[in-house]
**Q** 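Structure incoming, see below.
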Amino acid sequence: MPEPTPGRVAVITGASCGIGAATARALHADGYRVALLARRLDRIDALAAELGDGALAIGADVTDRGELVTAAGRVQDEFGGADVLVNNAGTMLLGPFSSEQRDDYHRMIEVNLLGAITATEVFLSQLESGGGDLVNISSVAGRTARAGNGVYAATKWGLNGWSESLRQELLPDIRVTLIEPGIVDTELPTHITHEATRQAVQQGYDAATVKPEEIAEVIAFALSRPRHLVINEILLRPATQLG
Ligand code: NDP
C-alpha cells in the first residue's frame, strides 16, 4: 500500500458526489487535509462533517473566477495553501449536434475545460510553493470520439493537450497527472438534457461496473508515488541529445 502523506492539502473540485467525493474520502484516509469545492453546499457540508478534522467545504462554481479566488483565499488562510489540485468538476451533456443543444456546448466548455484552466491559474502560486501536484480528470473521450459526444470529447481532448503542455512547462515545481476513466457509476448521465440520449446513455451507466472509489484509489496511488524528475527532465531534451 502507498505511504500516507500526512498534512498535505488537496483541493478537489466537484467534490459533492461521484469521483470527486470518493477522491476526497480516499485522500483524507491517506492523511491529507481536503478542501471540498462544489456548488451544492449541502452535499459538501455533509461530506466535511462525515470526514471530520481536516475537511473544509467551500461553495464554489468553477465557471466563476471570483468564487475560485475566494476559495483559494480560504484554503490559504485555513490550511496554509494547497499542495494538490484535482480538477474533477465536469458535466457530460450528450446529444445530437444541433442548435438546440448550444447552451449545453457552452456549459461543457465552461465547466470541463475553462473551469479547470481557471482553477489551476488561481491555485498555481500555492501549488508552486510546496512542490505541488495537479491532477486533471479527463476521460477515454479525451482520446476517442463517438457520434453524439463531440463537444464533450472536445473538452476532454482539449484538457489532454493543455495538460501535456503544462506537464512539460511546470516541471520541476509541479507534477501533472492525467486520469482517463471509462464509464464509472456516478450521476454524470442524469444531467443530460436531450431526453432520448439521456435514457440511452443511462442504460449504459446502469450496467457500469467501475465504482468511483476505484478511480479515487488510482488517484491516491498516483499521488503517493515518488517523483522521477531527473528522468522526466532527460525525456524533455531533444532526442539527439539523449544518451
Ligand atoms: P458527477 O456528476 O457525479 O460529479 C460531477 C461533479 O462536478 C459534481 O460534484 C458537481 O458538483 C461538479 N460540478 C459540475 N458543474 C460544476 C460547476 N460549474 N462548478 C463546480 N462544480 C461543478 O460526475 P463524475 O463524478 O462521474 O465526474 C467527475 C469527472 O469525471 C468529470 O470531469 C467527468 O467528465 C469525469 N469522468 C467521468 C466518467 C464517468 O463515467 N462517470 C468517465 C470519465 C471521466 P455540483 O453540482 O455540486 O456543483
Side-chain angles (χ1 to χ4, degrees), residues 11-26 34-48 57-72 85-94 103-104 106-120 122-123 134-146 149 151-160 162-163 177-193 198 200-219:
V11 175
I12 300 140
T13 69
S16 57
C17 58
I19 294 169
T23 301
R25 288 191 179 95
V34 289
L36 316 170
L37 272 58
R39 293 166 305 171
R40 285 173 290 179
L41 256 184
D42 55 334
R43 298 244 193 147
I44 49 175
D45 278 343
L47 181 54
I58 307 175
D61 184 328
V62 296
T63 69
D64 185 328
R65 185 174 189 276
E67 291 188 10
L68 288 170
V69 169
T70 302
L85 172 64
V86 183
N87 277 317
N88 165 77
T91 191
M92 182 185 74
L93 307 174
L94 308 185
D103 291 344
D104 289 347
H106 282 260
R107 188 90 206 131
M108 286 190 283
I109 292 167
E110 282 167 6
V111 176
N112 302 1
L113 188 54
L114 264 181
I117 291 170
T118 307
T120 303
V122 164
F123 279 97
L134 177 66
V135 181
N136 288 336
I137 310 301
S138 182
S139 166
V140 288
R143 55 177 67 229
T144 62
R146 299 170 64 185
N149 85 344
V151 178
Y152 179 72
T155 65
K156 295 302 187 180
W157 282 68
L159 197 64
N160 286 13
W162 170 66
S163 299
T177 301
L178 188 72
I179 305 287
E180 298 174 304
I183 291 182
V184 184
D185 181 15
T186 70
E187 68 175 58
L188 193 67
T190 65
H191 303 287
I192 295 172
T193 61
R198 192 190 59 70
V201 174
Q202 188 61 59
Q203 278 183 4
Y205 273 75
D206 288 345
T209 55
V210 177
K211 301 294 175 195
E213 290 72 22
E214 294 173 71
I215 307 301
E217 204 177 307
V218 169
I219 295 167

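The structure displayed is predicted, hence computed values, not measured ones. As a basis for the values below, the full set of heavy atoms in this structure was taken, side chains included, without hydrogen atoms, waters or symmetry mates. First listed ligand is number 1; within each ligand, the first listed atom is number 1.
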**Q** Heavy atoms only: which of Pro181, Ala141, Ala22 lies closest to atom 43 (C) of ligand 1?
**A**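 Of the listed residues, Pro181 has the closest heavy atom.
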**Q** Can you tell me if Trp157 uses its side chain to pair, donor with acceptor, with the backbone of Thr144 under 3.5 Å?
**A**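 Answer holds: yes.
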**Q** Can you name the atoms of ligand 1, numbered from 1 with element, that are less than 4.0 Å from a heavy atom of Tyr205?
**A**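 Counting from 1, the qualifying ligand atoms are 39 (C), 40 (O), 41 (N).
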**Q** Does ligand 1 have a heavy atom under 4.0 Å from the side chain of Lys156, from its backbone, from both, or from neither?
**A**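 Answer for Lys156: side chain.
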**Q** For ligand 1, find out whether one of its N or O atoms is nearer than 3.5 Å to an N or O atom of Thr91.
**A**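 So ligand 1 has no N or O lying under 3.5 Å from an N or O of Thr91.
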**Q** Please check whether Thr63 reaches ligand 1 - meaning an N/O of the residue sits under 3.5 Å from an N/O of the ligand, judged on distance alone.
**A**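 There is no such contact.
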**Q** Okay, side chain of Ser138, backbone of Leu178: is any donor-acceptor separation there less than 3.5 Å?
**A**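 No; judged by distance alone, with no hydrogens or angles, the pair does not exist.
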**Q** Below a 4.0 angstrom heavy-atom separation, can you tell me which part of Val111, side chain or backbone, both or neither, approaches ligand 1?
**A**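 Side chain only; the backbone of Val111 stays clear of ligand 1.
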**Q** Do the side chains of Val62 and Thr118 get nearer than 4.5 Å, heavy atoms only?
**A**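 Side chain of Thr118 against side chain of Val62, heavy atoms only: no contact under 4.5 Å found.
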**Q** Looking only at distances, please establish whether an N/O atom of ligand 1 is found under 3.5 Å from an N/O atom of Ile183.
**A**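 Looking only at distances, the answer is no, because the N/O contact criterion of under 3.5 Å is not met.
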**Q** Under a heavy-atom criterion of less than 4.0 Å, does Asp61 contact ligand 1?
**A**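 So Asp61 counts as touching ligand 1.
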**Q** Could you measure the distance from the CE atom of Met92 to the CG atom of Asn149? Nearest 0.5 Å is fine.
**A**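 With rounding to 0.5 Å, CE (Met92) is 8.5 Å from CG (Asn149).
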**Q** Flag Val184 as yes when one of its N or O atoms lies below 3.5 Å from any N or O atom of ligand 1, and as no otherwise.
**A**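 Looking only at distances, the answer is yes, because the N/O contact criterion of under 3.5 Å is met.
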**Q** Between atom CG of Leu94 and atom CG of Leu188, what is the distance when rounded to the nearest 0.5 Å?
**A**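 Reported to 0.5 Å precision, the distance equals 8.0 Å.
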**Q** Distance from Thr190 atom OG1 to Tyr205 atom OH, nearest 0.5 Å?
**A**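 Rounded to the nearest 0.5 Å, the OG1-OH separation comes out at 10.5 Å.
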**Q** Quick one: does ligand 1 sit under 4.0 Å from the side chain of Arg107, the backbone, both or neither, non-hydrogen atoms only?
**A**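 Side chain only.
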**Q** Starting from atom 26 (O) of ligand 1, find the nearest protein heavy-atom neighbour and note its residue, name and distance.
**A**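 The answer is Thr186 OG1, 2.6 Å.
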**Q** Could you tell me the residue and atom name of the protein heavy atom closest to atom 15 (N) of ligand 1, and the distance to it rounded to 0.1 Å?
**A**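 Result for atom 15 (N) of ligand 1: Arg39 NH2, 3.3 Å.
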**Q** Taking only heavy atoms of Gly18 into account, list the atoms of ligand 1 that are under 4.0 Å away from them.
**A**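 Heavy-atom distances to Gly18 below 4.0 Å select 3 (O), 25 (O).
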**Q** If you measure from each heavy atom of Arg43 to ligand 1, is any distance below 4.0 Å?
**A**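 Heavy atoms of Arg43 never come under 4.0 Å of ligand 1.
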**Q** Is Ser138 near ligand 1, meaning one of its heavy atoms is under 4.0 Å from it?
**A**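 Yes; Ser138 lies near enough to ligand 1 that a heavy-atom distance drops under 4.0 Å.
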**Q** Any nitrogen or oxygen of Ile19, main chain or side chain, under 3.5 Å from a nitrogen or oxygen of ligand 1?
**A**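 In this structure, Ile19 places an N or O atom under 3.5 Å from an N or O of ligand 1.
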**Q** Considering non-hydrogen atoms of the protein only, which is the closest contact for atom 13 (N) of ligand 1, and what is the distance?
**A**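 For atom 13 (N) of ligand 1, the nearest protein heavy atom is Ala89 CB, 3.9 Å.
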**Q** Taking distance alone, with N or O pairs closer than 3.5 Å, would you say Gly14 contacts ligand 1?
**A**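 Gly14 vs ligand 1: N/O contact under 3.5 Å present.
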**Q** Does ligand 1 have any atom that is closer than 4.0 Å to a heavy atom of Cys17?
**A**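 Contact check Cys17 vs ligand 1: positive.
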**Q** With heavy atoms of Gly90 as the reference, note each atom of ligand 1 found under 4.0 Å away.
**A**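 So the atoms of ligand 1 that pass are 5 (C), 7 (O), 14 (C), 31 (C), 32 (O).
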**Q** May I ask whether Ala60 has any heavy atom positioned less than 4.0 angstrom from an atom of ligand 1?
**A**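 It does; at least one heavy atom falls under 4.0 Å.
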**Q** Out of Asn87, Leu37, Val86, Ile58, which one pairs with Val11 under the side-chain contact (heavy atoms from CB on, under 4.5 Å) rule?
**A**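 Result: among Asn87, Leu37, Val86, Ile58, Leu37 is the only option passing the side-chain contact (heavy atoms from CB on, under 4.5 Å) with Val11.
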**Q** Could you tell me whether the side chain of Glu110 and the main chain of Thr63 form a donor-acceptor pair under 3.5 Å?
**A**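 The answer is no, because no donor-acceptor pair under 3.5 Å joins these two groups.
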**Q** Any idea which atoms of ligand 1 are less than 4.0 Å away from a heavy-atom of Glu187?
**A**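 Per the distance check, 1 (P), 2 (O), 3 (O).
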**Q** How far is atom 37 (C) of ligand 1 from its nearest protein heavy atom, and which residue and atom is that?
**A**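 Atom 37 (C) of ligand 1 sits closest to the protein heavy atom Leu188 CD2, 3.6 Å.
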**Q** Looking at residues at least two apart in the chain, or sitting in another chain, which of them share a side-chain hydrogen bond (donor to acceptor under 3.5 Å, both in side chains) with Arg143?
**A**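 For Arg143, the residues satisfying side-chain hydrogen bond (donor to acceptor under 3.5 Å, both in side chains) (neighbours in sequence not counted) are Glu180.
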**Q** Specify the protein heavy atom at minimum distance from atom 19 (N) of ligand 1: its residue, its atom name, and the distance to 0.1 Å.
**A**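 Going atom by atom, the protein heavy atom closest to atom 19 (N) of ligand 1 ends up being Val62 N, 2.9 Å.
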**Q** Rounded to the nearest 0.5 Å, how far does CG of Leu85 lie from OG1 of Thr13?
**A**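 That separation rounds to 6.5 Å.
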**Q** If you count heavy atoms of other groups shown closer than 6.0 angstrom to NE2 of His106, is the number above 12?
**A**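 It does not: His106 NE2 has 12 such atoms or fewer within range.
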**Q** Drop me the distance from Ser139's OG to Ile179's CD1, to the nearest 0.5 angstrom.
**A**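 It is 12.0 Å, given to the nearest 0.5 Å.
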**Q** What is the closest protein heavy atom to atom 32 (O) of ligand 1, and at what distance does it sit?
**A**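 Looking only at protein heavy atoms, the one closest to atom 32 (O) of ligand 1 is Asn88 O, 2.8 Å.
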**Q** Verify, without hydrogens or angle tests, whether Asn160 (side chain) and Gly142 (backbone) share a donor-acceptor contact under 3.5 angstrom.
**A**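 Yes: the side chain of Asn160 pairs with the backbone of Gly142.
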**Q** So, do Arg107 and Val111 sit near enough that their side-chain heavy atoms are less than 4.5 Å apart?
**A**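 A side-chain contact under 4.5 Å exists here.
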**Q** I'd like to know if the side chain of Asp185 and the backbone of Pro212 have a donor-acceptor N/O pair within less than 3.5 Å.
**A**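 No: the side chain of Asp185 does not pair with the backbone of Pro212.
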**Q** Considering non-hydrogen atoms of the protein only, which is the closest contact for atom 11 (O) of ligand 1, and what is the distance?
**A**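 Here the closest protein heavy atom is Ser16 OG, 2.9 Å.
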**Q** Between atom OG1 of Thr70 and atom CZ of Arg65, what is the distance when rounded to the nearest 0.5 Å?
**A**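 So the gap between those two atoms works out to 10.5 Å.
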**Q** Please list, in number order, the atoms of ligand 1 under 4.0 Å from a heavy atom of Tyr152.
**A**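 Result: 33 (C), 34 (O), 36 (N), 44 (C).
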**Q** Can you check whether Gly14's main-chain N or O pairs, donor with acceptor, with Asn88's side chain at less than 3.5 Å?
**A**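 Pair found, side chain donor or acceptor close to backbone of Gly14.
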**Q** Any heavy atom of Pro189 closer to ligand 1 than 4.0 angstrom?
**A**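 It does not; every heavy atom stays at 4.0 Å or beyond.
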**Q** May I ask you to list the atoms of ligand 1 that are less than 4.0 angstrom from any heavy atom of Gly182?
**A**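 In order of number, 38 (C), 39 (C), 40 (O), 42 (C), 43 (C).
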